[in-house]
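Down below is the structure, laid out as structure tokens.
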Amino acid sequence: MELLYEASNFKIQLHWVLPFAILGFAGLYATYKGPKMFVRFLGIVALAICAITLARFCYGYVTIIETYKNGNYQTIKGKVENFAPASQGGETTEDEEDESFNIRTVHFSYNRSFIQKFGYHKTSANGGYIKENGQKLQIGYIPTQKGNVIVRIEEIKEEK
């Protein structure tokens, strides 16, 4: 088997953090140095947005990445069935629909937005590893209320 993806290789990207860092510093400045009450109120709103985003990020990290690192995930082995590639969306990538497939009776769905569920999110059109029906894979996943989150992908090579 060839390991294609593993959630423990997750790295925080600067382009995810930078906007919230700027918003946080602007919020702090406006809260403490703002000349008017309205500016201070906007500073508090900015800080609240940063706090909620940080809490959701930490919760997602702990529930998915740490759960995977502790070995608390399920696996399924088989051929990809009912593969439906993600649409390219309308005017923006936010309109992009999910890519989905089944392995036996387990359904998987994801899109380019990793924040949606953490875990694997690279669509086939963007160089993803899951490309077509019939691929033989072993998938490690964590069931959540929002669906199965893929935390490990291994391709099963046919022996000659």
Side-chain angles (χ1 to χ4, degrees), residues 1-24 45-160:
M1 279 198 261
E2 178 186 357
L3 180 64
L4 301 176
Y5 171 80
E6 186 172 35
S8 64
N9 294 336
F10 175 81
K11 290 179 177 63
I12 295 173
Q13 303 293 318
L14 180 62
H15 67 272
W16 300 337
V17 177
L18 194 57
F20 291 103
I22 292 169
L23 184 63
V45 170
L47 290 174
I49 290 169
C50 288
I52 291 167
T53 303
L54 180 63
R56 287 190 60 170
F57 184 85
C58 291
Y59 175 77
Y61 184 87
V62 169
T63 57
I64 301 302
I65 306 299
E66 285 301 316
T67 300
Y68 170 69
K69 286 181 179 179
N70 291 330
N72 298 326
Y73 63 96
Q74 299 176 18
T75 59
I76 189 158
K77 187 186 289 190
K79 289 183 181 181
V80 171
E81 301 170 345
N82 304 320
F83 178 73
S87 72
Q88 292 305 306
E91 294 179 15
T92 68
T93 56
E94 292 175 9
D95 297 333
E96 184 178 280
E97 292 180 11
D98 288 358
E99 188 160 279
S100 64
F101 67 95
N102 295 347
I103 292 187
R104 297 197 314 237
T105 59
V106 180
H107 181 73
F108 299 97
S109 171
Y110 51 90
N111 63 35
R112 292 184 347 171
S113 172
F114 89 97
I115 288 289
Q116 181 183 8
K117 297 188 251 184
F118 269 80
Y120 180 75
H121 59 279
K122 200 169 192 180
T123 62
S124 58
N126 293 304
Y129 302 115
I130 302 162
K131 298 183 186 307
E132 61 190 0
N133 285 319
Q135 271 185 284
K136 293 180 182 176
L137 302 174
Q138 179 171 305
I139 304 282
Y141 66 97
I142 298 173
T144 69
Q145 290 179 337
K146 293 182 179 182
N148 296 315
V149 178
I150 298 172
V151 292
R152 186 177 180 90
I153 302 172
E154 294 176 279
E155 188 168 29
I156 301 168
K157 299 286 187 181
E158 301 217 11
E159 298 191 26
K160 295 179 182 182

Report, one line per pair, each donor and acceptor closer than 3.5 Å where one atom sits in a side chain of residues 135-142; sequence neighbours left out.
residue, atom, partner, partner atom, Å
Gln135, OE1, Lys131, N, 2.6
Gln135, OE1, Glu132, N, 3.3
Gln135, NE2, Tyr129, O, 3.0
Lys136, NZ, Glu158, OE2, 2.7
Gln138, NE2, Glu154, OE1, 3.3
Tyr141, OH, Gln74, OE1, 3.0

**Study point:** Trace of the side chain to side chain contact (heavy atoms under 4.5 Å, CB included) decision for Tyr110 with Lys122
**Key:** CA-CA 8 Å; Tyr110 51 90; Lys122 200 169 192 180; over 6 Å; no

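Shown here for Tyr120 and Gly128, the closest heavy-atom pair between the two residues is OH-CA, 3.3 Å. Here the closest non-hydrogen pair linking Ile65 and Ala7 is CD1-O, 3.6 Å. Listed here is the closest heavy atom pair of Leu23 and Ala46: CD1-CB, 3.7 Å. Shown here for Glu99 and Pro85, the closest heavy-atom pair between the two residues is OE1-CA, 3.5 Å.
Other residues, nucleotides and ligands contribute over 12 non-hydrogen atoms within 6.0 Å of the CZ atom of Phe83.
The side-chain hydrogen bond (donor to acceptor under 3.5 Å, both in side chains) search around Lys69 returns Tyr61, not counting sequence neighbours. Not counting sequence neighbours, Tyr5 has no partner by the side-chain hydrogen bond (donor to acceptor under 3.5 Å, both in side chains) test. By the side-chain hydrogen bond (donor to acceptor under 3.5 Å, both in side chains) test, Gln145 pairs with no residue at all, sequence neighbours left out. In this structure Asn82 satisfies the side-chain contact (heavy atoms from CB on, under 4.5 Å) test together with Asn102, sequence neighbours excluded.
Rounding to the nearest 0.5 angstrom, the gap separating the CG atom in Asn148 from the CD1 atom in Ile103 is 11.0 Å. Of the inter-residue distances, the one linking Ile64 atom CD1 with Thr144 atom OG1 reads 6.0 Å to the nearest 0.5 angstrom. Here OG1 of Thr63 is found 12.0 Å from CG of Asn72. Values are rounded to the nearest 0.5 Å. One distance of note links OG of Ser100 with CD1 of Ile130; it measures 10.5 Å at 0.5 Å rounding.
Pairs engaging residues 71-87 under the salt bridge (charged side-chain N to carboxylate O under 4.0 Å, His left out) rule: none recorded [sequence neighbours left out].
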